[in-house]
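What follows is a short report on a single structure.
Fair warning: this is a prediction, and the values are worked out from it, not measured in the lab.
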Amino acid sequence: MRCLDAGMNDFIAKPIQPALMYQTIANWLPERETPATPPPLAANPPAFKTTLPGNPDVIDLSVLAKLLDYHPQKIRKFAFKFLHSTQQGLDAMDAALARGDVQAMRELGHRIKSAARTVGALGMGELCWQMEQLPAASPEQETTQARALLARLWPLLEQITEQIMTHTTFATADLTHPPGHARAAHPAAGR
């Protein structure tokens, strides 16, 4: 890794997982005396199982749950924000495709990729990585490749939305209509 070669002591890759970050930092802190009596353990268990059901090929919500310390309302809120921002990102990709701006699609792929990996939508993260890494070619070839990837992203977003709606109902939030949930199949999916 370049950061270690440059003289850094350690490295934490994205998406950042709090437990790993704390452990990595703790590894580099000086030793301290342990208290005579250990602190009491938390009495309240998580409000739901620590493994969430769902289709891991679509979204593995346990990734997001672990990141947010299994807090149901935070998971639902973050998942809905992801749906909203991803829908906006795919809409922006549609607009860029219509303009023939494949470079903008690459940049949007990079942005969505990070968010998708953070929430556990690894399949979407992979497709966005492919969008980001589209090889340089003729404008027609680039547009064709970008269109094909975008046509796979829209149906996947619909599946992710369904999984989030099905498996985050444990939370009580004022987000009763997540973005994209009532949306009909996107026209780009049939192209």
- Message: Between Glu140 and Thr143, do the side chains contain a donor N or O and an acceptor N or O under 3.5 Å apart?
- Response: no
- Query: Have Glu126 and Gln130 got a donor and an acceptor in their side chains that come within less than 3.5 Å?
  - Reply: yes
- Query: Transitively linked via ILVMFWY side-chain contacts under 4.5 Å: Leu157 with Leu122?
  - Reply: no
- Query: Between the main-chain N or O of Ala65 and the side-chain N or O of Ser62, is there a donor-acceptor pair closer than 3.5 Å?
  - Reply: no
- Item | Side chain to side chain, Val119 and Asp60, heavy atoms closer than 4.5 Å | no
- Message: Within the 4.5 Å heavy-atom criterion, are Leu134 and Leu149 side-chain neighbours or not?
- Response: yes
- Message: For a quick test of reading the model, state the closest non-hydrogen atom pair linking Gln163 to Leu61 and the distance between them.
- Response: O-CD1, 4.2 Å
- Please report the closest heavy-atom contact between Leu68 and Lys74, naming both atoms and the distance. CD1-O, 3.5 Å
- Passes side-chain contact (heavy atoms from CB on, under 4.5 Å), Ile59 versus Leu64? Steps please. CA-CA 10 Å; Ile59 186 168; Leu64 183 58; over 6 Å; no
- Decide yes or no for Met131 and Leu153: does some side-chain heavy atom of the first lie under 4.5 Å from some side-chain heavy atom of the second? yes
- Gly109 versus Cys128, closest heavy-atom pair with distance: O-CB, 3.2 Å
- Partners of Gln88 by side chain to side chain contact (heavy atoms under 4.5 Å, CB included), sequence neighbours excluded? His84
- Item | With Leu108, the side-chain contact (heavy atoms from CB on, under 4.5 Å) member among Lys113, Glu132, Met93 | Met93
- Measure the shortest side-chain to side-chain distance between Phe82 and Ile160 over non-hydrogen atoms and say whether it is less than 4.5 angstrom. yes
- Heavy-atom side-chain contact between Leu83 and Thr86 under 4.5 Å: no
- Message: Return the CD1 to NZ distance between Ile75 and Lys66, rounded to the nearest 0.5 Å.
- Response: 13.0 Å
- Stepwise side chain to side chain donor-acceptor pair (under 3.5 Å) test for Glu158 and Thr161: CA-CA 5 Å; Glu158 292 297 323; Thr161 300; 5.3 Å; no
- Between atom NE2 of His167 and atom CZ of Arg76, what is the distance when rounded to the nearest 0.5 Å? 12.5 Å
- Ion pair present between Glu142 and Arg147, side-chain N to carboxylate O less than 4.0 angstrom? no
- Item | Flag side-chain contact, heavy atom, 4.5 Å: Arg117 against Trp129 | yes
- Message: Whether the Gln103 and Arg106 side chains hold a donor-acceptor pair (N or O, under 3.5 Å, no angle test) is what I'd like checked.
- Response: yes
- Task: Report the residues that fulfil side chain to side chain donor-acceptor pair (under 3.5 Å) with Gln159, sequence neighbours left out, ordered by chain and then residue number.
- Result: none
- Task: Report yes if some heavy atom in the side chain of Thr118 is under 4.5 Å from a heavy atom in the side chain of Phe78; otherwise report no.
- Result: yes
- Query: Any side-chain heavy atom of Asp91 sitting closer than 4.5 Å to one from Gln87?
  - Reply: yes
